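So the structure is just underneath, and the comments pick up after that.
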Amino acid sequence: VVVTGHSLGGGIALVVGALTDRLAVALQPPGVFYSLAKHEAAQRATKKSRDLHGALHQRSVSLVFEGDWIGNFDGHGGLVQTMLCDQTQKSIAVGCHLLEGAICHLLRHCGDEAERFDVCRHEYQPG
């Protein structure tokens with residue numbers, strides 16, 4: 001089982017992964033490195049102490065975009081891949097923080113060896 005999530009859900013996935021010793025993949029999560037300290041304190045109180053920061057470092061991947069302010073909360077742990085947002089004609093929130101924008105970015109730059117997708121396009125029309 002791999003725990004995954006986007007934005008706040010990505011932060012939750014990282015914490016749950018560290019607490020349950022599962023792999024976690026997060027897209028544009030807030031950092032959770034220092035927030036894990038309260039969980040470590042709670043575990044010490046119940047004498048079930050584990051190295052949560054070690055679990056975060058060894059079993060998590062976070063994909064973050066430069067300029068995405070969500071990633072500025074707290075520190076990141078584990079493998080952190082930083083990407084440059086290539087949607088300069090849109091705001092960072094619309095161009096790259098939306099999950100659709102992140103997935104399209106990954107497909108454009110990393111490809112799809114299994115050729116499941118011909119094209120990836122998303123539009124955001126507020127209002």
Side-chain angles (χ1 to χ4, degrees):
V1 173
V2 178
V3 186
T4 63
H6 170 258
S7 198
L8 179 58
I12 293 169
L14 293 171
V15 171
V16 169
L19 290 172
T20 61
D21 204 30
R22 297 191 186 279
L23 297 174
V25 176
L27 281 81
Q28 297 142 295
V32 297
F33 188 75
Y34 299 109
S35 301
L36 280 175
K38 76 174 187 175
H39 294 288
E40 283 185 321
Q43 284 188 346
R44 277 195 298 276
T46 62
K47 299 184 177 155
K48 296 179 183 177
S49 185
R50 286 191 12 245
D51 180 14
L52 296 181
H53 288 101
L56 179 68
H57 281 309
Q58 295 169 6
R59 302 182 62 81
S60 72
V61 176
S62 296
L63 303 171
V64 298
F65 281 102
E66 290 181 0
D68 184 4
W69 59 273
I70 295 293
N72 292 332
F73 294 100
D74 205 337
H76 288 279
L79 174 63
V80 180
Q81 177 63 53
T82 304
M83 300 173 289
L84 178 65
C85 180
D86 60 358
Q87 298 290 311
T88 56
Q89 72 277 17
K90 301 175 184 173
S91 72
I92 190 76
V94 174
C96 288
H97 187 73
L98 290 177
L99 180 60
E100 295 88 344
I103 298 299
C104 286
H105 177 91
L106 289 170
L107 286 170
R108 272 193 307 276
H109 295 281
C110 301
D112 176 25
E113 290 184 14
E115 298 179 355
R116 292 166 288 197
F117 302 95
D118 291 331
V119 66
C120 184
R121 179 178 57 240
H122 78 95
E123 293 183 24
Y124 178 73
Q125 301 292 332

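It should be emphasised that the depicted structure is a prediction, and the values quoted were computed from it without experimental measurement.
- Between H6 and H97, the two ring planes are tilted [angle within 30° to 60°].
- Put simply, the side chain of D112 never gets that close to the backbone of L107: no donor and acceptor are under 3.5 Å apart.
- Note: the hydrophobic cluster containing I70 does not contain L8 (ILVMFWY, side chain heavy atoms under 4.5 Å, direct or indirect links).
- To the nearest 0.5 Å, atom CG of residue L79 and atom CG of residue L63 are 8.0 Å apart.
- Annotation for L14 and P30: closest pair CD1-O, 4.5 Å, computed over non-hydrogen atoms.
- A continuous path of ILVMFWY side-chain contacts below 4.5 Å connects M83 to I103, so both sit in one hydrophobic cluster.
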Query raised in the report: Could you go step by step and tell me if R22 and V1 meet the side-chain contact (heavy atoms from CB on, under 4.5 Å) rule?
Result: CA-CA 7 Å; R22 297 191 186 279; V1 173; 3.9 Å; yes
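- Considering CD1 of I12 and CG of L19, their distance stands at 12.0 Å, rounded to 0.5 Å.
- Nearest heavy-atom pair, P29 versus S62, reported as atom, atom and distance to 0.1 Å: CG-OG, 3.8 Å.
- The closest donor-acceptor contact from the side chain of R59 to the backbone of D21 lies under 3.5 Å.
- Here the OG1 atom belonging to T82 is positioned 11.0 Å from the CG atom belonging to D68, to the nearest 0.5 angstrom.
- Interatomic distance, F65 CZ to Q81 CD, rounded to the nearest 0.5 Å: 10.0 Å.
- Placement of L99 and F117 within a single hydrophobic cluster is found when ILVMFWY residues are connected by side-chain heavy-atom separations under 4.5 Å, directly or transitively.
- Nearest heavy atoms, L84 versus H105: O-CE1, 3.0 Å.
- The line from OG1 of T4 to CG of L23 is 11.5 Å long, rounded to the nearest 0.5 Å.
- Residue F33 comes nearest to G77 through the heavy atom pair CD1-CA, 4.2 Å, listed as atom of the first residue, atom of the second, then distance.
- Nearest heavy atom pair, residue G78 against residue S60, reads CA-OG, 3.6 Å.
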